Amino acid sequence: MRRLPKPRNSKDSHNVSSDDKTEVLAETTAEPNTVTFADLGLSEKVLSAVTDAGYTHPTPIQAGAIPHALEGKDVLGIAQTGTGKTAAFVLPMITRLEKGRARARMPRTLILEPTRELAAQVEENFVKYGKNHRLTVALLIGGVSFEEQEKKLQRGADVLIATPGRLLDHFERGKLLLTGVETFVIDEADRMLDMGFIPDIERIAKLIPFTRQTLFFSATMPPEITKLTEQFLHAPVRVEVAKAASTATTVTQALVKSNSKSWDKRATLRRLLEAEGAEIQNAIIFCNRKVDVSELFRSLVKHGYDAGALHGDMDQRARMAMLSAFRDGKLKLLVASDVAARGLDIPEVSHVFNFDVPIHSEDYVHRIGRTGRAGRTGKSFTIVTRSDTKYLDAIETLIARKIDWLDGDISTLAAVDTESEAPRSRGRERGRASSSGRGRRGSEQKAATAPKAAEPAVVEAETTAPAAEVEEKQSRRDAIRAENAERKARPERRHDEHKRSRDWRRDDDGPSPIGFGDDIPAFMLIEPPVKNVTQGE
DNA sequence: AAAAAAT
């Protein structure tokens with residue numbers, strides 16, 4: 001038996017809210033797995049597409065939202081990505097579209113997404129589940145030409161999937177009327193808020209008839225979003241599945257200390273990559289800034305790693321190429337900005353590396369949520385420098401637990417020379433500090449693939465917290481906050497900045513590849529460099 | 001100290 005993306009742990013649907021409009025997914029009424037897609041009221045054609053895709057049992061958000069969406073009710077879905085949220089609106093929409101036909105320039109449904117990749121992903125869902133239908137789906141996103149999009153609009157689109165900017169652009173050019181929209185979907189509303197899209201969304205909503213059905217999804221419900229739901233939704237059914245500030249139980253988390261110099265961080269990362277070795281099926285490496293994505297990407301390629309890059313300043317074609325190569329397994333490592341943190345459906349990522357500690361703690365949760373999906377296990381490593389400690393404190397407070405250090409916490413960095421923070425065994429750390437020869441490093445490299453000394457404990461964070469656990473978690477948060485404050489009060493040890501090894505410095509990046517700007521995908525290189533060749537240098 | 005999105 002397979003489920004649509006992400007069977008989380010069964011507690012997911014126990015969230016209780018006092019809101020009287022709320023429909024809580026009541027698993028008190030039935031065993032979670034007894035509901036099948038056939039019970040939800042979807043049309044035969046949709047059902048057969050779902051069956052063909054290999055799914056029989058809906059996820060909690062699907063079971064909760066689909067029947068109401070089919071009835072034409074407004075739905076407020078509070079769910080993180082990876083809960084099967086997309087199918088929760090795609091399946092009932094296709095069913096409802098069976099009645100009636102699209103007219104030129106008057107799409108019947110509109111879905112707003114915060115990023116281009118997410119929009120493209122939703123389109124794929126319509127293709128997959130609408131294979132027994134003759135649906136016209138138009139994807140209106142920036143970075144690509146208008147022509148084809150206009151053609152589709154002119155022909156009459158049943159489904160419009162758009163990012164706000166390009167949609168308004170089409171509208172202003174008079175290529176589009178929104179007066180025929182029957183169903184309006186706002187996806188990832190909280191992220192749209194972060195990105196400053198709310199005014200655009202309000203403007204778009206005003207162009208759509210009042211009588212429409214609105215499906216509204218958000219991972220979290222900050223006050224601004226609540227206000228927006230009051231404005232957009234009429235007597236909505238509320239379906240809530242997962243808590244935002246939680247990390248999957250299947251993700252192993254660890255911290256790794258490093259000096260803050262970028263070459264030092266890159267060296268730390270490479271050591272981690274070597275240590276994990278064959279365990280890495282594929283990995284996303286997150287950087288906070290786009291320039292750092294490019295820089296790290298070039299460095300990894302130069303060191304012979306099978307790496308790609310993904311960030312918002314890249315050419316759209318390169319973005320798509322990179323993403324599909326990564327999905328297809330042609331790329332092992334994807335260096336990315338937070339474009340890739342949320343929403344993107346990249347199955348089976350075995351590892352997540354945070355090259356930088358995220359500045360906003362929620363991003364940490366989203367990033368490591370890229371691994372350990374659908375019940376699989378995943379590993380995450382976060383490289384921490386001295387100046388990151390306050391962000392780290394915020395993260396630990398948010399997730400209400402301390403994350404294990406792989407090889408001594410940040411305060412131990414000061415005690416030894418700067419290149420010696422071997423990511424694993426303490427014994428080796430001492431050895432590294434006293435050696436400076438290259439031959440030595442070569443053997444070190446081999447040792448890196450040996451079994452790891454300190455395996456970080458498996459996370460026990462909950463995906464959803466019932467009332468009693470909420471309190472317990474809060475007190476844990478308070479304790480962590482106090483502990484962090486106390487640690488901060490202690491005087492910090494100075495470290496020796498001058499004892500850097502020359503070898504590390506030589507890592508600085510050489511000439512950039514040509515053709516794809518800074519971000520030529522490694523898999524497109526004519527001569528794929530061999531891993532480890534440059535490593536010992 | 002950031003990223004994303006219309007040109």
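So that the names make sense, note that chain A is the first sequence line, chain B the second, and so on, each numbered from 1. Heavy atoms only: backbone and side chains are in, while hydrogens, waters and symmetry mates are out. Note that this is a predicted model, so its numbers are computed, not measured.
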Under-4.0 Å salt bridge between A/Asp187 and A/Lys85: yes
Rounded distance in Å - CD (A/Glu188) to C1' (B/dA3): 14 Å
Nucleotide of B/dA3, B/dA1, B/dA5 approaching A/Arg116 most closely (side-chain heavy atoms): B/dA5
Nearest-angstrom distance from the residue atom NE2 of A/His311 to P of B/dA4: 8 Å
Interatomic distance where OH belongs to A/Tyr364 and C1' belongs to B/dA2 [whole Å]: 19 Å
A/Tyr391 side-chain proximity, nearest of B/dA5, B/dA1, B/dA2: B/dA1
Proximal nucleotide (of B/dA6, B/dA3, B/dA2) relative to the A/His360 side chain: B/dA2
Distance in angstrom units between A/Arg367 CZ and B/dA2 P, rounded: 13 Å
Sugar-phosphate only, base, or nothing, as touched by A/Gly196 at under 4.0 Å among non-hydrogen atoms: nothing
Sub-4.5 Å side-chain heavy-atom contact between A/Arg103 and A/Arg108: no
Listed nucleotide nearest any side-chain atom of A/Arg166, set B/dA4, B/dA1, B/dT7: B/dT7
N/O (side chain, A/Lys390) to phosphate O (OP1/OP2, B/dA1) under 4.0 Å: no
A/Phe89 and A/Phe217 aromatic ring geometry - parallel, tilted or perpendicular at 30°/60° bounds: tilted
Distance, rounded to the nearest Å, where A/Leu392 contributes CG and B/dA1 contributes C1': 16 Å
d(CD, A/Gln316; P, B/dA6) in whole Å: 9 Å
A/Arg289 side-chain N/O to B/dA2 phosphate OP1/OP2 under 4.0 Å: yes
Phosphate OP1/OP2 of B/dA1 contacted by A/Ser387 side-chain N/O (<4.0 Å): no
A/Asn282 side chain to A/Ser350 backbone, donor-acceptor under 3.5 Å: yes
Nucleotide B/dA5, atom C1' - distance to CG of A/Leu310 in whole Å: 15 Å
Atom pair distance, as rounded to whole Å: CG in A/Leu193 and P in B/dA3: 19 Å
Distance test, side-chain N/O of A/Thr115 to OP1/OP2 of B/dA5, below 4.0 Å: no
Proximity to the side chain of A/Val339 - top-ranked nucleotide from B/dA6, B/dA1, B/dA3: B/dA3
Stepwise salt bridge (charged side-chain N to carboxylate O under 4.0 Å, His left out) check, A/Arg212 with A/Glu182: CA-CA 5 Å; A/Arg212 67 172 189 251; A/Glu182 299 153 24; over 6 Å; no
